[in-house]
**Student:** 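Mind looking over this structure? Questions follow.
Naming convention: chains lettered A, B, ... in sequence-line order (proteins, then strands); numbering from 1 in each chain. The structure displayed is predicted, hence computed values, not measured ones. Worth knowing before you read on, the calculation uses all heavy atoms, side chains too, and leaves out hydrogens, waters and symmetry mates.
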2 protein chains.
Amino acid sequence: MNAMNHDWAEASLRPNNTCPALLRGLNADEMSRVWNRFEEDCLADGEVLLRDRAEPLHIGLVLKGALREDVSVPQGGTRLFALTFAGEALSPLGPRQKGGRLSAIGDTRLLTCDHEGFADLSREIPRLQLNLFGVVQDQIEDAHRWQLLLGRKTAAERVASILAWFHMRQGTPEEMDLPVTRAELGEMSSLTLETVSRQVRALEKVGVISLPKPSQVRVLDSKALLERSCNTPILRAA
Amino acid sequence: MNAMNHDWAEASLRPNNTCPALLRGLNADEMSRVWNRFEEDCLADGEVLLRDRAEPLHIGLVLKGALREDVSVPQGGTRLFALTFAGEALSPLGPRQKGGRLSAIGDTRLLTCDHEGFADLSREIPRLQLNLFGVVQDQIEDAHRWQLLLGRKTAAERVASILAWFHMRQGTPEEMDLPVTRAELGEMSSLTLETVSRQVRALEKVGVISLPKPSQVRVLDSKALLERSCNTPILRAA
DNA sequence: CGGGATCTTGACTGTCCTCAAGTGCTGTGG
DNA sequence: CCACAGCACTTGAGGACAGTCAAGATCCCG
């Protein structure tokens, strides 16, 4: 029971997920076993999370704040690849080759567990094995969502999609913090920073969002935002 | 030992993979256990493979031929999503929502196993569990490769990439069969069929490939093909 | 040989990138 | 308190690349 009033109760208040998917359906006893096995990391803004390259499977749950993952591109240099918000799990199976770097955005707290620890735990709690598959499956689904976004959406739809997605994943607050620059939004959506800026302002002009500050977004009409994020209705018959 | 001279010995002759990744490192005894548990399906050209929607984890190994996966898009209708060539494994964790349809290209033979069967097997052969993670990890890596292709490559690079990729996965034969139309190549790469056609012809004009028939590609200079498939050397400083 | 599907090629258009010149925030030092 | 430097953001003009539409060539199969 001790586990229940621990820190991630904060995360459980978030509307976007009552409980991290990895721990779904666990009873109090199982939860406290988990609690004993996982260890808690606290990171300041910008601090880098060290993940052992050799370790194939490393579990991480973000309790507070957010993590950014930068991957190195073939030509050298890195680009922003993905964000993990509070309540979400780090991808347990990262890209094997290209080294990803995880760093905190704002003060961030997370639970981590290494491969062996998780293997031990899942022997005691078979449900964990199932939940892990769910997490991986979600990750694959996300990857496909990005493929759809990158391949078949216009600039306006990409920006609306990302804003809507971030908004939902942060628990649809009145006003959300945009934790990345226009340039980084561009890296994720494969647009230039100028195009991102133009599209964000366009959403503001039609009254879907307002921008108290460039990095703070107030979603005025989330329904319209979602509509603008979907694909162009007609694709050629191919 | 019976397993060793069975059908997939054919697949093991292919240069691209000596043994399906899922069965890597298994000894003869383990292999025959696998052999008894998996069942073999034979599909004629165009025939559809039925996969139980409710079944979350379904293992499939393509021995001969190829499978195409079509997913339904939000607006209705389907588009070609991915190909699985001989020697490769079907993605064990498919997209949950959008129903994918698997159909054969040419005469195709594959081994399948349901969830329980695989769970039983992996209790007897712990190595299978590890191999399964490798397969899923490869799948995620592929998804990221597609994201790179869709987001950051020009039309010329996309077409060269896909040709090079198919060529490698088919075992780099002198002459390869392009099992899909220009329109379907376009669906995968998010280009129009006209653009695909133009880029394929451009590769022919500069002597990287030749086209005995539109659906047969002879790779004359695979090094040049690879060079043309990589990203533009310079991306803006962001 | 004919008909339909697939592929090729051309001309034009639109979206997004590029380059360039701004504006607005934020923190720092006089 | 203000000046200013640095950074992120905005806005505009022009151009390149791929999409669209249209016409024709080629392949494939009965």
**Student:** What contact category does A/Ser190 fall into here, base, sugar-phosphate, or nothing, at under 4.0 angstrom with non-hydrogen atoms?
**Tutor:**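 Sugar-phosphate, backbone atoms only, no base.
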
**Student:** In whole angstrom, what separates B/Glu157's CD from D/dA16's P?
**Tutor:**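 After rounding, the gap between these two atoms is 18 Å.
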
**Student:** Which residues pass the salt bridge (charged side-chain N to carboxylate O under 4.0 Å, His left out) test with B/Lys213, not counting sequence neighbours?
**Tutor:**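 So B/Lys213 forms no salt bridge (charged side-chain N to carboxylate O under 4.0 Å, His left out) with any residue.
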
**Student:** If I take atom CG in residue B/Asp177 and atom C1' in nucleotide C/dT6, what distance separates them, rounded to the nearest angstrom?
**Tutor:**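 From B/Asp177 CG to C/dT6 C1': 15 Å.
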
**Student:** Using atom CG of A/Leu191 as one end and atom C1' of C/dT18 as the other, report the distance to the nearest whole Å.
**Tutor:**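 Spelled out: CG on A/Leu191 to C1' on C/dT18 is 14 Å.
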
**Student:** Can you tell me the distance, in whole Å, between the NZ atom of A/Lys153 and the P atom of C/dT15?
**Tutor:**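 Distance check: A/Lys153 NZ to C/dT15 P gives 18 Å.
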
**Student:** Write out all pairs satisfying ring-ring contact (aromatic ring centres under 6.0 Å, His included) with one or both partners inside residues 145-165 of chain A, taking only residues at least two apart or from two chains.
**Tutor:**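 Applying ring-ring contact (aromatic ring centres under 6.0 Å, His included) to every pair that reaches into residues 145-165 of chain A, excluding sequence neighbours, yields A/Trp146-A/Trp165.
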
**Student:** What residues, two or more places apart in sequence or in another chain, satisfy side-chain contact (heavy atoms from CB on, under 4.5 Å) together with A/Thr195?
**Tutor:**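 A/Thr195 satisfies side-chain contact (heavy atoms from CB on, under 4.5 Å) with A/Ala155, A/Leu191, A/Thr192, A/Gln199 only.
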
**Student:** Just the rounded figure in Å: distance from P of C/dC7 to CD of B/Gln199.
**Tutor:**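 Distance, rounded to whole Å: 16 Å.
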
**Student:** Using five pairs at each end of the helix from C/dC1-D/dG30 to C/dG30-D/dC1 to define an axis, what is the angle between those two axes, to 10°?
**Tutor:**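 That helix has its two terminal axes inclined by roughly 30°.
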
**Student:** Polar atoms only, N or O, under 3.5 Å: list the protein pairs with nucleotides 9-14 of chain D and their distances.
**Tutor:**
| residue | atom | partner | partner atom | Å |
| --- | --- | --- | --- | --- |
| D/dC9 | OP2 | A/Arg182 | N | 2.8 |
| D/dT10 | OP2 | A/Arg182 | NE | 2.9 |
| D/dT10 | OP2 | A/Ser197 | OG | 2.6 |
| D/dT10 | O5' | A/Ser197 | OG | 3.2 |
| D/dT10 | O3' | A/Arg201 | NH1 | 2.9 |
| D/dT11 | OP1 | A/Arg201 | NH1 | 3.2 |
| D/dT11 | OP2 | A/Arg201 | NH1 | 3.1 |
| D/dG12 | N7 | A/Arg198 | NH1 | 2.9 |

**Student:** Quick one: list whatever passes salt bridge (charged side-chain N to carboxylate O under 4.0 Å, His left out) with A/Glu204, sequence neighbours left out.
**Tutor:**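 Salt bridge (charged side-chain N to carboxylate O under 4.0 Å, His left out) list for A/Glu204, sorted by chain: A/Arg201.
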
**Student:** How far does NE2 of A/His167 sit from OG of A/Ser222, to the nearest 0.5 angstrom?
**Tutor:**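 One gets 6.5 Å once the value is rounded to the nearest 0.5 Å.
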
**Student:** Partners of A/Asp107 by salt bridge (charged side-chain N to carboxylate O under 4.0 Å, His left out), sequence neighbours excluded?
**Tutor:**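 A/Asp107: no salt bridge (charged side-chain N to carboxylate O under 4.0 Å, His left out) contacts found.
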
**Student:** A/Arg218: which residues meet the salt bridge (charged side-chain N to carboxylate O under 4.0 Å, His left out) condition with it, sequence neighbours left out?
**Tutor:**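 Listed in chain order: A/Glu174, A/Glu175.
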
**Student:** Holding to ring-ring contact (aromatic ring centres under 6.0 Å, His included), I want the full list of residues that pass it with B/Phe38, two or more places apart in sequence or in another chain.
**Tutor:**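 Applying ring-ring contact (aromatic ring centres under 6.0 Å, His included) to B/Phe38 gives none.
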
